[in-house]
Amino acid sequence: MTTSKTAKPKTATKAAKTKKAATKTTVPALSKAEIKASIIKHLHSTLGTDENKANNHAWWKATCAAIQELVLERLRTTQKTHYVNDTRAVHYFSAEFLMGRLLSNNMHNFELFDEASAALKELGVELTDVLEEEPDMALGNGGLGRLAACFIDSLATKELPAIGYGLHYEHGLFRQEIKNGAQIERPDSWRDYGNPWEICRPESIQEVPLYGYVETKYGANGSIQKEWHPGNIVKGVPWDIPVVGYGGKTVNVLRLWQSEASDYFNWDVFNAGGYVDAQRENIQSETISKVLYPNDETEAGKELRLIQQYFFCACSLKDIIRRYKRAHGDDWSRFAEQVVIQLNDTHPAISIPELMRILVDRAQLDWESAWEICTKTFAYTNHTLLPEALEKWPARMIEKILPRHLEIIYEINHRFMAEVEEKWPGDNAMKAKLSIIEESSEKMVRMGNLSVIGSFAVNGVAAIHSELVKKNLFPEFEALWPGKLTNVTNGITPRRWLKACNPALSELINKKIGDDWPTDLDKLQSLSAFATNKTFQNQFMKVKLANKKKLAEEIKAQTGIVVDTNAIFDIQIKRLHEYKRQHLNLIHIMALYRRILENPDYDMHPRVFIFGAKAAPGYKLAKDIILAINKVAEKINNDPRANQKLKVVFLPNYRVSSAEKMIPAADVSQQISTAGKEASGTGNMKLALNGAITIGTLDGANIEIAEEVGDDNIFIFGLTVDEVYKLNENGYNPYDYYYQNREIKAVLDWLDSDYFTPGQPGALSSIKQSLLDGGDPYKVLADFESYSEANIALDKAYRDKAKWAQMAILNTAKMGKFTSDRSIQDYVDKIWKLDSCAVK
Ligand SMILES: *Cc1c(COP(=O)(O)O)cnc(C)c1O
């Protein structure tokens with residue numbers, strides 16, 4: 001089907017009506033009639049059903065197919081344009097892409113949402129019901145994976161040549177069910193009934209070697225060549241997900257690799273003789289891309305995980321080199337001009353020795369030339385300072401799986417140690433600290449050090465985080481290579497996180513200031529002028545109330561809990577982790593409950609505390625905190641003495657599509673991590689953009705949010721980073737707080753009783769234990785009082801309706817900095833040096 005550029009008269013009059021606001025310059029790529037015809041065509045000939053038999057799932061697939069026609073046409077044009085112009089491109093390597101649903105997003109980015117909705121309506125179908133049929137593409141854990149998804153959206157929107165590279169997990173992040181208050185993990189099967197967006201590209205299959213041994217060959221002139229004889233070869237099958245930029249001009253791709261058994265002979269099996277035993281030694285090829293590791297901010301150290309990392313990096317590098325050679329043959333001199341590779345955390349760091357292997361062993365470049373190319377190609381983003389999240393691999397494990405890579409890592413390190421010796425002669429402590437190899441009882445390879453040494457730029461993800469990377473994590477690298485360490489503050493795409501998820505607020509904004517804010521988010525600034533305008537305040541809060549009503553229905557449907565939409569909707573949504581301190585929120589809720597029981601007239605505005613969080617399946621305390629939230633919720637929600645003022649809701653299976661429903665309804669955004677622990681956060685940005693007021697610590701991007709909105713429009717509490725360090729130096733004793741604050745003592749002792757878990761005393765004791773005998777590593781008790789006071793101030797502020805509306809409007813108005821378009825522009829200017837490429 002071809003796309004018509006004919007404007008329908010109806011569209012023209014609609015545009016004329018809203019001409020006071022900035023008018024759309026683009027004409028819809030498809031008219032309502034064309035969409036309708038295309039949906040029917042696909043219902044018939046792609047799905048083999050008809051309008052009378054079709055259920056919502058069939059309608060969803062047919063609608064996807066109709067949109068996908070346009071997507072693929074623009075994808076072809078984009079790829080041809082990039083090829084003809086031989087563009088420099090960024091290659092975003094990430095073990096995770098948390099994409100969520102694509103239909104709504106793709107329709108919004110083509111500006112076809114209203115047309116498609118109207119087309120379906122004529123067919124007697126509700127688009128909102130159809131959208132609910134789409135399973136989330138949950139190929140990520142949390143913030144890091146969602147950042148990658150926002151970044152590829154911005155790259156396409158800004159018409160930058162870019163490819164996302166990752167893993168085609170058969171099972172994404174587990175589906176969470178709650179049984180008797182506890183988390184149960186169920187497999188996620190996002191492709192069970194087929195995924196309408198992905199395209200298999202068998203013509204670009206790659207082979208990846210694993211295991212085996214390295215042979216040293218001596219040339220006649222004394223030269224040494226290394227040859228890796230792999231024990232196994234795995235096939236990488238690429239699946240392409242088109243990434244539609246806003247406006248629909250550039251369509252980039254996300255290329256995800258699926259593993260399959262290769263037809264190649266398995267040499268290890270042959271050599272070993274013992275057929276079955278040898279086979280068992282090696283990880284089955286098909287299992288490599290089976291499942292996403294569900295650990296957020298924790299390094300698992302498992303062999304399969306390392307193989308996953310190598311597998312997708314090796315496939316991606318081969319893919320990049322194949323494309324480069326098509327234009328430049330065997331001339332490597334322009335490689336780093338054409339290719340920049342961004343490593344999203346250290347998960348793809350094995351790419352560095354892999355590129356060295358290709359250049360030295362296969363292309364036969366000398367080491368120095370190869371290293372020069374390598375260190376001009378890679379850039380690395382650090383996402384965490386948490387020691388348990390810094391990747392380290394046993395040298396013996398790398399030796400077994402990637403014997404040649406371990407040799408290369410040793411050579412990189414050997415040459416680097418000579419540089420260190422030159423800078424700090426005789427300083428062995430310095431060498432031990434900077435070495436890629438940690439000489440502990442078991443030799444370990446530090447992937448962070450490898451990444452810094454092998455990259456030309458290293459960035460943290462928020463101003464404070466980048467400062468801490470420089471000062472605490474890699475201070476010697478900063479001394480060695482001044483300027484290499486930099487900051488790029490994270491961002492979020494306003495297309496998904498405002499335009500698509502909050503249509504009512506978007507429409508209100510369009511009417512007030514025009515509709516060009518989705519690609520120029522600083523434009524929201526002009527809403528500030530209306531922050532004290534009574535009419536606009538009422539309109540803004542009316543939208544919020546409507547969003548709260550919708551969420552209330554969702555809560556009722558999912559949990560049976562009835563909530564009052566006049567109450568404050570207070571939302572904490574993020575992975576469950578001690579550093580994010582959901583238990584600080586919970587302990588405060590218990591304190592409020594206790595205050596109400598002690599004093600039935602306790603003065604507070606009704607408040608609904610809403611949680612969404614998945615815990616890593618092996619993280620016992622995180623799962624105990626989920627249990628505690630649910631048990632406390634059950635008690636409070638059913639206690640008539642308290643439930644007019646207090647409700648607690650845990651919405652199961654937090655994911656991108658549930659975030660899109662919760663965020664527009666939030667009055668309050670809980671961002672309460674221990675200062676110094678949350679690298680940036682992006683949930684904080686999504687909520688503030690939708691007019692939620694943050695209660696938060698001076699951590700990560702909260703600091704920059706506070707700078708933007710001003711201290712009057714945010715509730716900041718708690719220890720600063722420096723105060724946390726001082727507390728640790730001076731010796732922190734959580735028992736001091738337990739004995740000095742009667743409320744803390746009462747609440748913690750309450751957790752020990754069977755009040756919330758009748759007949760099961762001690763079911764929630766592990767939380768108290770971690771906060772007392774466990775030393776309270778995240779300073780929950782130290783911050784409790786300050787948190788409690790901030791909550792009182794917040795409660796007071798909410799009662800002044802006009803003041804609160806003003807604050808909410810100003811939060812939306814001042815979020816311009818946090819568009820991922822700005823983050824991407826920072827990467828372009830500071831690191832990638834990329835030019836955009838207009839696609840006609
Ligand atoms: C944005 C997002 C996150 C990150 O939230 P933080 O509060 O920054 O940790 C995690 N999961 C999903 C589904 C998200 O959309």
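Order of appearance sets the numbers: ligands from 1, and atoms from 1 within every ligand.
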Is a side-chain donor-acceptor pair under 3.5 Å present for Q825 with K158?
yes
Just jot down the ligand 1 atoms closer than 4.0 angstrom to any heavy atom of T682, in number order.
1 (C), 4 (C), 8 (O)
State whether a side-chain donor-acceptor pair under 3.5 Å links E391 with T346.
yes
Which of the numbered atoms in ligand 1 are under 4.0 angstrom from any heavy atom belonging to G142?
10 (C), 11 (N)
E134, E132, E660 screened by salt bridge (Lys or Arg N to Asp or Glu O under 4.0 Å) with R101, the one that passes
E132
Give the numbers and elements of all ligand 1 atoms closer than 4.0 Å to a heavy atom of V656.
13 (C)
Which of the atoms in ligand 1, numbered in the order shown and given with their element, are less than 4.0 Å from a heavy-atom of G143?
3 (C), 4 (C), 10 (C)
Among side-chain atoms of E578 and Y619, is any donor-acceptor pair under 3.5 angstrom?
yes
Using a strict threshold of under 4.0 Å (side-chain N to carboxylate O), is an ion pair present between K548 and D667?
yes
State the atoms of ligand 1, each with its element, that fall below the 4.0 Å cut-off from a heavy-atom position in K686.
1 (C), 2 (C), 3 (C), 14 (C), 15 (O)
Hey, which atoms in ligand 1 end up nearer than 4.0 Å to a heavy atom of W497?
15 (O)
Report the part of I492 (side chain from C-beta onward, or backbone N, CA, C, O) that has a heavy atom under 4.0 Å from ligand 1; answer both or neither where that applies.
neither
Working to the nearest 0.5 Å, report the span between CH2 of W197 and CG of N105.
9.5 Å
Numbering the atoms of ligand 1 from 1, which are under 4.0 Å from a heavy atom of G681?
8 (O)
Are H168 and W190, when compared by the centres of their aromatic rings, separated by less than 6.0 Å?
yes
Between Y778 and D776, does any side-chain donor sit less than 3.5 Å from a side-chain acceptor?
no
Honestly, for R575 the part within reach of ligand 1 (heavy atoms, under 4.0 Å) is neither
So is K580 touching ligand 1 or not, going by heavy atoms under 4.0 Å?
yes
Show the atoms of ligand 1 that are less than 4.0 angstrom away from any heavy atom in I573.
7 (O)
